[in-house]
Amino acid sequence: MSFEFTKEELEYIEELSQRYPSPKALMLPLLWIIQNRLKHIPTEAFKAVADITKTSEAQVYGVVTFYTMFTLKPTAKYHIQLCKTLSCNLCGSKELLNLLKERFNLLPNQQNGDFQLTLVECLGSCGTAPVVQINNRLYENLTPAKLQKILEDFS
């Protein structure tokens, strides 16, 4: 199976290319375009990204596997990312993890129906720890009770 950007995506990429200093700088936006459409980055898309950015497929793979916001496998309808770094850990992320395990019968890096739990490195919100990201929305200053209330909207 091959991957191709849609006509609309190519038009947007052309527009973006005017704002970036080099084709290589387009790599993250290109990967976001793919991730948003497919909910993952299939290996078949590496060539399309490499061609536009004038890099190698190995470099694309390196970027996709470096950043936790990109995934090689499709994610569940609700992708819950829990920060596991020091600030969040000190402020209660373990309690949030226990709540998620109990509520959804999920272990880290597993899917169960519409829900997927991933432990990630820093989500960039250490001052408002602990944090969880569900799909593309960040939730800060969480307690188990606050997270429980938020999860009611997704069940």
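Everything quoted here is computed from the prediction, not taken from an experiment. We use all heavy atoms of the structure for the numbers below, so side chains are in, but hydrogens, waters and symmetry mates are not.
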Within the side chain of [X], is there an N or O that forms a donor-acceptor pair under 3.5 Å with the backbone of [Y]?
X      : Y     : answer
Asn135 : His79 : yes
Glu102 : Leu99 : no
Thr71  : Lys73 : yes

Nearest heavy atoms of [X] and [Y], plus distance in Å:
X     : Y     : value
Gln59 : Lys24 : NE2-NZ, 3.9 Å
Pro42 : Ile34 : CD-CG2, 3.9 Å
Met69 : Trp32 : CG-CZ2, 3.5 Å

Can you measure from [atom1] ([X]) to [atom2] ([Y]) and round to the nearest 0.5 angstrom?
X      : Y      : atom1 : atom2 : result
Lys77  : Ile134 : NZ    : CD1   : 13.0 Å
Leu97  : Asn89  : CG    : CG    : 10.0 Å
Glu95  : Leu100 : CD    : CG    : 12.0 Å
Glu121 : Cys88  : CD    : SG    : 10.5 Å

Query raised in the report: How about Gln116 and Thr75: does a side-chain donor come under 3.5 Å of a side-chain acceptor?
Result: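 Side chains of Gln116 and Thr75: no pair found under 3.5 Å.
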Query - Close side-chain approach of Leu82 and Ser93, heavy atoms under 4.5 Å - result: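 Yes. Closest side-chain heavy atoms under 4.5 Å.
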